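Let me begin by presenting the structure, written as structure tokens, before commenting on it.
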Amino acid sequence: MGECENPLVHVLVDMEAEGIRIDRTALEDYSVRLGDEIATLEKSIYAVAGVEFNIASPKQLGEILFDRLKVEARPKKTRTGQYATNEQVLTRLAHEHELAALVLEYRACQKLKSTYVDTLPDAIRAETGRVHTTFSQAVTATGRLQSQNPNLQNIPIRTERGREIRRAFIARDENYVLLSADYSQIELRVMAAISGDEALKQTFLDGVDVHTATAARVNEVEIDAVTSEMRRQAKMVNFGIIYGISAFGLSQRLGIPRSEAADIIEAYFLKYPGVKTYMDRTVEEARKNGFVTTVLGRRRSLPDIHSRNATTRQGAERNAINTPIQGSAADMIKLAMIRIHGELCRRELKSRMLLQVHDELVFDMHKTERDEVRALVSDGMREALDLDVPIVVEMGEGDNWLDAH
DNA sequence: TCTCTGCTCAC
DNA sequence: CAAGTGAGCAGAGAC
């Protein structure tokens, strides 16, 4: 390793000790509101089902839906033979069957309440009045950090209900704001850099939206002619590429026939040949060495690359493709953290680094240090690694984490 | 009490 | 079989 792990220890120690302030009252109020919603949904669910049961039990729910109400002729099963009742299944049923729609609502509320709203206030440490996570730096397969007890790397943001929780993460006091700084499309930029694909690099040099650019290339239309549907598909393809896509996987996610998905992937590789070459090269490297590496030389061992079981082997091939990308992005933000933490200390600033969420850093920023901190954070993140691709950092600030985005 | 399963939250 | 990395909840069943 290009040694970022040892200096990072001190950064993480400080972040853990610092903690983050949480608005306990806001969460406690929200818990009551969610509880009311859940109670209402419960009644509706029992009425529609015609029987009371434990809605939180996937087993019981499956039996109600597929044995009692027979909402589907050939229900999908899980690995263990139970009826699958996951979000994808229920969403498909929701148009026809009120019960499915109600259960989706119920699950959304229950998830937020049990995992975040009721748990975070209990995690406030009495001595500091703040929530202190534990970061682990040598646990994940790719070199990413991990956060636990509580996990502060999966605080909701996608839905309106979830965003309420982000609003409860607040600045230290009235002299501070939260600063959020996140890398824009870091994994695709890293892939452009390590693959050296000229078209992908040019997209970032042009500063155009990468999903729109991919849509234009794959569909062979001008940027201005890209529809929202074309962009949506291209976004799926871009993410799929990073993960080591299959035509089947893409077809499932886009809801299109597998042959069409295969055509899209073929068109992608035609337009970004360097990406295809990178993938072949990386899988070959894994076969030869038994491991792959990130830009800082972090290794991931891939013994399954020689498995006689095709599914296992293909899984290892996807790991070979994904790990240098995800892991190099992790290398980059780790270097940025070390540099930024060093500068905050050296300049004796009051502002503090609080959280890392894979491509984002969150700070308590003293209002008098605004310009200086914004500059050193932005520079520290952008210049952490000297890549052949422009790196863009987006920053926002506010009294809470949601407004900082 | 412990472990596994199914599910869902994030990047 | 089928898109990568994680954490944590409740239910279910073993002990």
Side-chain angles (χ1 to χ4, degrees), chain A residues 53-62 76-91 103-104 106-120 123 133-136 139-159 161-163 165-166 182-188 191 235-254 258 261-262 265 292 300 302 307 309-327 329-330 333 355-361 401:
Chain A
F53 65 103
N54 187 344
I55 307 160
S57 163
K59 185 165 180 283
Q60 293 183 39
L61 174 65
K76 198 169 160 271
K77 299 279 189 74
T78 66
R79 194 172 52 80
T80 56
Q82 257 193 108
Y83 295 123
T85 69
N86 61 37
E87 190 170 13
Q88 201 190 338
V89 169
L90 294 187
T91 301
V103 170
L104 283 169
Y106 174 91
R107 283 211 181 131
C109 292
Q110 188 59 48
K111 172 74 179 178
L112 295 182
K113 187 169 186 292
S114 66
T115 306
Y116 306 101
V117 177
D118 288 346
T119 311
L120 286 170
T133 187
T134 300
F135 288 108
S136 301
V139 173
T140 65
T142 56
R144 276 188 174 189
L145 292 183
Q146 174 217 55
S147 158
Q148 61 179 176
N149 286 314
N151 182 358
L152 297 184
Q153 289 182 323
N154 72 342
I155 302 303
I157 193 167
R158 218 179 65 247
T159 65
R161 280 197 192 99
R163 284 196 279 276
I165 296 165
R166 289 235 168 188
D182 68 282
Y183 283 116
S184 163
Q185 304 297 352
I186 189 61
E187 293 191 343
L188 287 169
M191 185 172 78
K235 188 174 175 180
M236 290 288 210
V237 174
N238 278 331
F239 282 117
I241 292 292
I242 289 173
Y243 299 147
I245 203 167
S246 72
F248 177 88
L250 185 65
S251 72
Q252 289 292 296
R253 279 166 181 76
L254 291 178
R258 183 174 162 161
I265 293 170
V292 291
R300 179 176 184 175
L302 294 167
S307 174
N309 180 310
T311 307
T312 306
R313 189 175 61 248
Q314 285 158 10
E317 289 170 2
R318 289 194 296 275
N319 292 151
I321 290 165
N322 174 260
T323 295
I325 299 168
Q326 192 182 111
I333 197 166
L355 300 177
Q356 188 253 43
V357 191
H358 309 305
D359 66 353
E360 173 188 15
L361 296 175
W401 197 2

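Since the structure is predicted, the reported quantities are computational estimates derived from the model, not experimental observations. Proteins get letters first, then strands, A, B, ... in listed order; numbering begins at 1 in each.
- At a threshold of 4.0 angstrom between heavy atoms, the contacts of A:R161 with the nucleic acid are absent.
- Whole-Å rounding puts the A:I186 CD1 to C:dG4 C1' distance at 16 Å.
- Out of B:dC11, C:dA2, B:dT8, the shortest distance to the side chain of A:R166 is found at B:dC11.
- Among the nucleotides C:dG8, C:dG11, B:dC11, the one closest to the side chain of A:V357 is B:dC11.
- Listed candidates were C:dA2, C:dG6, B:dA10. Nearest to the side chain of A:R258 is C:dA2.
- Spacing between atom CD of A:Q60 and atom P of B:dC7 amounts to 14 Å, rounded to whole angstrom units.
- Each of C:dA2, B:dC7, C:dG6 was ranked by its minimum atom distance to the side chain of A:S246; first place goes to C:dA2.
- Taking every side-chain heavy atom of A:T85 into account, B:dC7 is the closest of B:dT5, B:dC7, C:dC9.
- At a threshold of 4.0 angstrom between heavy atoms, the contacts of A:L112 with the nucleic acid are absent.
- One N or O on the side chain of A:R163 and one on the backbone of A:R158 form a donor-acceptor pair closer than 3.5 Å.
- The side-chain heavy atoms of A:I333 and A:H358, taken from C-beta on, include no pair separated by under 4.5 Å.
- Using a 4.0 Å heavy-atom criterion, one finds that A:S147 contacts the sugar-phosphate atoms exclusively.
- Ranking C:dC9, B:dC9, B:dG6 by closeness to the A:Q82 side chain, first place goes to B:dG6.
- When distances are taken from the side chain of A:N86 to each of B:dA10, B:dC7, C:dT5, the shortest belongs to B:dC7.
- Side-chain atoms of A:Q326 and A:T140, non-hydrogen and from C-beta on, never get closer than 4.5 Å to each other.
- A side-chain donor-acceptor contact under 3.5 Å links A:Q153 to the backbone of A:Q356.
- Here B:dC11 is the nucleotide among B:dC9, B:dC11, B:dG6 with the atom lying nearest to any side-chain atom of A:D359.
- When rounded to the nearest whole Å, the span between CZ of A:R79 and P of C:dA2 equals 11 Å.
- Straight-line distance from the CG atom of A:L254 to the C1' atom of C:dA2: 14 Å, rounded to whole Å.
- The side-chain contact (heavy atoms from CB on, under 4.5 Å) test with A:L152 singles out one residue from A:T134, A:V357, A:L120, and that residue is A:L120.
- Each of C:dG4, B:dT5, B:dT8 was ranked by its minimum atom distance to the side chain of A:Q326; first place goes to C:dG4.
- Within the 4.0 angstrom heavy-atom criterion, only backbone atoms of the sugar-phosphate kind lie near A:A84; the bases stay farther away.
- For A:S114, the side-chain atoms get nearest to C:dA10 when compared with the rest of B:dC9, C:dA10, C:dT5.
- Side-chain to base pairing of A:R144 with B:dC11: one donor and one acceptor N or O lie within less than 3.5 Å of each other.
- Within the nucleic acid shown, A:I155 comes within 4.0 Å of sugar-phosphate atoms alone, with no base atom in reach, counting heavy atoms only.
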